[in-house]
> 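If you scroll down you'll find the structure; I have some questions about it.
Side chains are part of it too, since the values below use all heavy atoms of this structure and drop only hydrogens, waters and symmetry mates. As the structure lists them, so they are numbered: ligands from 1, and atoms in each ligand from 1. We number each residue from 1, following the sequence as shown.
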Amino acid sequence: MDIKGVAVKIARQAGLFLKENIGRAGKVEFKGAVNIVTEADKKSEALIISELQKNFPGHGILTEESAEIRSASEYKWIIDPLDGTTNYAHGFPFFCVSIGFEASGRMVFGVVYDPVLDELFTAGEGMGAELNGKPIKVSGVSSLDRSLLATGFPYDLRTSRENNLDHFSNFTLRAQAIRRAGSAALDLCYVASGRFDGYWEMRLRPWDVAAASLIVKEAGGEITDFSGSPFSIYGNECLASNGLIHGEMLGVLRKKGPAAGKASKA
Ligand code: IPD
Ligand code: CA
Ligand code: CA
């Protein structure tokens, strides 16, 4: 079977496993003060790795919960077996499986599956992005003032000064509204499908963004770091938007410290 066929099949399988077991996340371990991993994360990951190895022995595999499977091959799968673990462990139904496929260091295919809404986001390099087989594109909202944005916070936010609270406060005063929904991969897919107009987050890991960054690009969105330089899934900053509000978002991210609110009519 082809890359897309296998990846989609596995994403659906893992997603259905997660959906069936919500409310039974199993033992919760703390990787940090607020960073958890559940048995469901590990089982989803084991299922994905074993299916990939069956279909593509010899490909590299980078996943969140196990050591990287290195290979001499130019192909690498980059996987988040459960993006939105905190949501999942609390029974908040916003989570997904994310599978990206890299060839010689370039993302060439990505799938993000939300089993709760049965929404499958896919993109192939140069082929456009789709939601459940229909083409998607970013929104046409052209001002930050009218934009619905999304973000998230790094797991070390209690101990790091760079914890996004300054940007969050600055954007809160500039955008129409902001959501912190708890799944970076779905946040990006929501930018790709025009539900969010922009999204920013720092200190994400490759598996959070591998598949969804390609989905944003292929849906006509723009994705960079906080200075406007090219985005890398191995980098520290992610700014994704419909392109139209990218400049305004970069301007807000350049500010140091929280902005003062201006008195105006609500
Ligand atoms: C997390 C989610 C969250 C984001 C965190 C990620 P996880 O992934 O995507 O929205 O704010 O930075 O680490 O731990 O649920 O796979
Ligand atoms: Ca994640
Ligand atoms: Ca995860």
Side-chain angles (χ1 to χ4, degrees), residues 10-11 14-15 17-19 21-22 25-49 61-68 77-100 110-116 121 149-160 162-165 167-168 171 178-192 195-196 198-213 215-216 223 225-226 231 233-240:
I10 299 176
F17 163 78
L18 292 173
K19 186 179 164 187
N21 287 283
I22 192 164
K27 195 164 70 122
V28 175
E29 286 168 51
F30 280 78
K31 298 193 275 188
V34 290
N35 186 3
I36 58 169
V37 56
T38 71
E39 276 173 41
D41 294 71
K42 292 182 184 169
K43 286 185 181 159
S44 172
E45 182 163 298
L47 182 158
I48 296 169
I49 293 176
I61 305 180
L62 173 64
T63 51
E64 179 168 13
E65 313 298 348
S66 337
E68 179 170 357
W77 295 88
I78 305 173
I79 289 144
D80 195 333
L82 166 48
D83 187 50
T85 297
T86 306
N87 288 346
Y88 189 81
H90 287 262
F92 182 81
F94 193 76
F95 58 88
C96 64
V97 175
S98 172
I99 302 181
V111 52
V112 172
Y113 182 55
D114 168 356
V116 177
F121 296 88
L149 304 182
T151 191
F153 298 91
Y155 281 125
D156 62 354
L157 86 170
R158 293 184 181 179
T159 49
S160 169
E162 285 204 345
N163 58 9
N164 197 28
L165 287 171
H167 298 315
F168 182 73
F171 275 117
I178 304 183
R179 302 290 176 253
R180 194 298 188 236
S183 163
L186 282 178
D187 289 340
L188 284 164
C189 289
Y190 278 32
V191 172
R195 295 170 182 171
F196 288 142
Y199 162 81
W200 82 98
E201 190 161 344
M202 54 177 63
R203 294 204 287 290
L204 290 163
R205 304 304 305 278
W207 42 81
D208 296 315
V209 290
S213 58
I215 295 171
V216 167
I223 184 158
D225 69 8
F226 290 178
F231 173 77
I233 64 167
Y234 302 101
N236 255 330
E237 298 166 344
C238 176
L239 169 63

> Angle between ring planes, Phe196 versus Tyr190, binned at 30° and 60°: parallel, tilted or perpendicular?
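It falls in the tilted class, 30° to 60°.
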> Show, in sequence, the C-alpha distance, side-chain angles and deciding distance for Leu188 and Ile223, and conclude whether the side-chain contact (heavy atoms from CB on, under 4.5 Å) test is met.
CA-CA 10 Å; Leu188 284 164; Ile223 184 158; 4.3 Å; yes
> Counting only heavy atoms from other residues, nucleotides and ligands, does the tally under 6.0 Å from CD of Glu162 exceed 12?
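12 or below, so no.
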> Asp225 side chain to Asn236 main-chain N or O, any donor-acceptor pair under 3.5 Å?
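No: the side chain of Asp225 does not pair with the backbone of Asn236.
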> For the backbone of Ala185 and the side chain of Asp83, can you confirm whether one donor and one acceptor N or O come within less than 3.5 Å of each other?
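At least one qualifying donor-acceptor pair exists.
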> Taking 3.0 Å as the upper limit, name the protein N, O or S atoms near the Ca ion (ligand 3).
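Only Glu64 OE1, Asp80 OD1, Leu82 O fall inside 3.0 Å of the Ca ion (ligand 3).
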> Just the distances, no angles: every ligand 1 N or O to protein N or O pair closer than 3.5 Å, one line each.
residue, atom, partner, partner atom, Å
ligand 1, 8 (O), Asp83, OD1, 3.0
ligand 1, 9 (O), Asp83, OD1, 2.7
ligand 1, 9 (O), Asp83, OD2, 3.4
ligand 1, 9 (O), Ala184, N, 2.8
ligand 1, 10 (O), Arg180, NH1, 3.0
ligand 1, 10 (O), Gly182, O, 3.1
ligand 1, 10 (O), Ser183, N, 3.1
ligand 1, 10 (O), Ala184, N, 3.3
ligand 1, 11 (O), Arg180, NH1, 3.1
ligand 1, 11 (O), Arg180, NH2, 3.1
ligand 1, 11 (O), Glu201, OE1, 3.4
ligand 1, 11 (O), Glu201, OE2, 2.5
ligand 1, 12 (O), Glu201, OE2, 2.7
ligand 1, 14 (O), Tyr155, OH, 2.6
ligand 1, 15 (O), Gly84, N, 2.7
ligand 1, 15 (O), Thr85, N, 2.8
ligand 1, 16 (O), Glu64, OE1, 3.3
ligand 1, 16 (O), Asp80, OD2, 3.2
ligand 1, 16 (O), Leu82, O, 3.2
ligand 1, 16 (O), Asp83, OD1, 3.4

> Determine the sole option in Leu82, Leu18, Thr63 for which the side chain to side chain contact (heavy atoms under 4.5 Å, CB included) test with Asp41 is passed.
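Among Leu82, Leu18, Thr63, the one that satisfies the side chain to side chain contact (heavy atoms under 4.5 Å, CB included) with Asp41 is Leu82.
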> Identify the two heavy atoms, one from His167 and one from Trp200, that lie closest to each other, and give their separation to 0.1 Å.
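Scanning both residues completely, I find the closest heavy atoms to be CB-NE1, 3.6 Å.
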> For Ile22, give me all partners under side-chain contact (heavy atoms from CB on, under 4.5 Å), at least two apart in sequence or on another chain.
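Ile22: side-chain contact (heavy atoms from CB on, under 4.5 Å) contacts with Tyr88, Phe95.
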> With sequence neighbours excluded, tell me which residues meet side-chain contact (heavy atoms from CB on, under 4.5 Å) with Asp156.
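If we apply the side-chain contact (heavy atoms from CB on, under 4.5 Å) test to Asp156, skipping adjacent residues, the hits are Pro154, Thr159, Ser160, Arg203.
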